[in-house]
Amino acid sequence: MLLGGSVAFLFSSLAIRAVGRAAMQVVVEVRNQFRDHPGIMDYTEKPDYSRVVDICTRTSLRELTTPGLLAVLSPVIAGFFLGAEALGAFLAGAILTGQLLAVMLSNSGGAWDNAKKYIEEGHYGGKGSEAHTAAVIGDTVGDPFKDTAGPALNPLIKVMNLVALLIAPIVVTHADDTAIRVAVVAVAAVVLASMIWISKSRKSELGTEIKRMDAAGAPS
């Protein structure tokens, strides 16, 4: 149950970090266009919107790989490593934690978003105030909470349950076959760990690119 509950948090973390990486890629592209086409600032040139749309489309497809593999491979690892009974407990922990986490993420993200809109209507100093600056920062976190991680936990739970139902007969059949169980767990764990490592390395590459642009004096 503890392992199942932790999967919901890991999945949410991957989704939120994916949004951050996609946003950083858009920032890099926008700064490149400002640097290469200074006429954008005085409206003598039009920005290339298609580049940003292409980045968002490609990034969304690529970033779904790791959370998708987590949803598919985690029940496989739990079932073959710990057995059929543990797979049931794994699903129970994932369902319970995932449902509560989804509600928390959606509500907190919506609260941050509404707080920013409330301040922009003129309360607590309105736009330009310190309260508005803080609310914008909160909304930056709230958007991936309520628009990405929260809603995505529902398909995570469904996919994990579906995979578990499909592999349950195989898990029971090979319960005494240690070699097959170890091989399946090893392959699944290596694939999942590799994808998580690749996802983490993408952020460091983007950070290096932004630092290089800062050193070159690109518009911020």
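In this chain, numbering begins with 1 at the start of the sequence shown. These numbers come from a predicted model, not from an experiment. Heavy-atom basis, side chains included; hydrogens, waters and symmetry copies ignored.
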Legend entry - Least distance between heavy atoms, Phe11 atom then Pro67 atom: CE1-CB, 3.4 Å

Legend entry - Validation row: Arg31, Val28 side chains within 4.5 angstrom (heavy atoms): no

Legend entry - Euclidean distance, Met160 CE relative to Phe90 CZ, rounded to 0.5 Å: 3.5 Å

Legend entry - Check: Gly126 main-chain N/O paired with Ser129 side-chain donor or acceptor under 3.5 Å: yes

Inset, instruction - Return yes if some donor-acceptor pair links the side-chain N/O of Thr65 with the main-chain N/O of Arg62 below 3.5 Å, else return no. - result: yes

Legend entry - Carboxylate-amine/guanidinium proximity below 4.0 Å for Arg181 and Asp177: no

Legend entry - Closest approach of Val191 to Leu73 (non-hydrogen atoms, all atoms of both residues): CG1-CD1, 3.9 Å

Inset, instruction - Mark yes or no for whether Ser106, through its side chain, and Val103, through its backbone, hold a donor-acceptor pair below 3.5 Å. - result: no

Inset, instruction - Quick one: closest heavy-atom pair of Leu153 and Ala8, and the distance? - result: CD2-O, 3.8 Å

Inset, instruction - Determine, using the 4.5 Å side-chain heavy-atom cutoff (strictly less than), whether Val185 and Leu82 are members of one ILVMFWY cluster. - result: yes

Inset, instruction - Keeping the roles fixed (side chain from Asn161, backbone from Ile157), state whether a donor-acceptor pair exists under 3.5 Å. - result: yes

Legend entry - Interatomic distance, Lys146 atom NZ to Asp139 atom CG [nearest 0.5 angstrom]: 7.0 Å

Inset, instruction - Hey, can you tell me if Tyr118 and Tyr124 have their rings parallel, tilted or perpendicular (30° and 60° cut-offs)? - result: tilted

Inset, instruction - Kindly work out whether a path of hydrophobic side-chain contacts (I/L/V/M/F/W/Y, heavy atoms less than 4.5 Å apart) joins Val136 to Val27. - result: no

Inset, instruction - Please round to the nearest 0.5 Å and tell me the distance separating atom CG of Leu165 and atom CG of Leu87. - result: 8.5 Å

Legend entry - Validation row: Phe80, Ile170 side chains within 4.5 angstrom (heavy atoms): yes

Inset, instruction - To the nearest 0.5 Å, tell me how far Leu70 CG sits from Ile196 CD1. - result: 6.5 Å

Legend entry - Validation row: Ile40, Gln33 side chains within 4.5 angstrom (heavy atoms): yes

Inset, instruction - Report yes if the side chains of Val72 and Val159 come closer than 4.5 Å at any heavy-atom pair, otherwise no. - result: yes

Legend entry - CD (Glu130) with more than 12 external heavy atoms under 6.0 Å: no

Inset, instruction - For residues Leu91 and Ala164, report the shortest heavy-atom separation together with the two atoms involved. - result: CD1-CB, 3.4 Å

Legend entry - Interatomic distance, Leu192 atom CG to Ser74 atom OG [nearest 0.5 angstrom]: 7.5 Å

Inset, instruction - Please say whether more than 12 non-hydrogen atoms of neighbouring residues, nucleotides or ligands are located less than 6.0 Å from CG in Leu2. - result: no

Legend entry - Ala84 versus Val172, closest heavy-atom pair with distance: CB-CG2, 4.0 Å

Legend entry - Side chain Thr97, main chain Ala94, donor-acceptor under 3.5 Å: no

Inset, instruction - Flag yes if more than 12 heavy atoms outside Asp176 fall under 6.0 Å of its CG atom; otherwise flag no. - result: no

Inset, instruction - Could you tell me whether the side chain of Thr44 and the main chain of Gly39 form a donor-acceptor pair under 3.5 Å? - result: yes

Inset, instruction - Identify the two heavy atoms, one from Met41 and one from Phe34, that lie closest to each other, and give their separation to 0.1 Å. - result: SD-CE2, 3.6 Å

Legend entry - Backbone N/O of Gly110 and side chain of Asn114: donor-acceptor pair under 3.5 Å: yes

Inset, instruction - Would you mind checking if Arg51 and Glu29 are paired as a salt bridge, meaning a charged N to carboxylate O distance below 4.0 Å? - result: yes

Inset, instruction - Indicate yes or no: at least one non-hydrogen side-chain atom of Ser194 is less than 4.5 angstrom from one of Val190. - result: yes

Legend entry - Separation between NZ of Lys46 and NE2 of His37, rounded to the nearest 0.5 Å: 14.5 Å

Inset, instruction - May I ask whether Trp197 and Ile16 are part of the same hydrophobic cluster, defined by side-chain heavy atoms of I, L, V, M, F, W, Y residues being less than 4.5 angstrom apart, directly or through others? - result: yes

Legend entry - Verify same cluster id: Leu69, Leu14 (apolar side-chain graph, 4.5 Å): yes

Legend entry - Within one Ile-Leu-Val-Met-Phe-Trp-Tyr cluster: Val187 and Ile198, side-chain cutoff 4.5 Å: yes

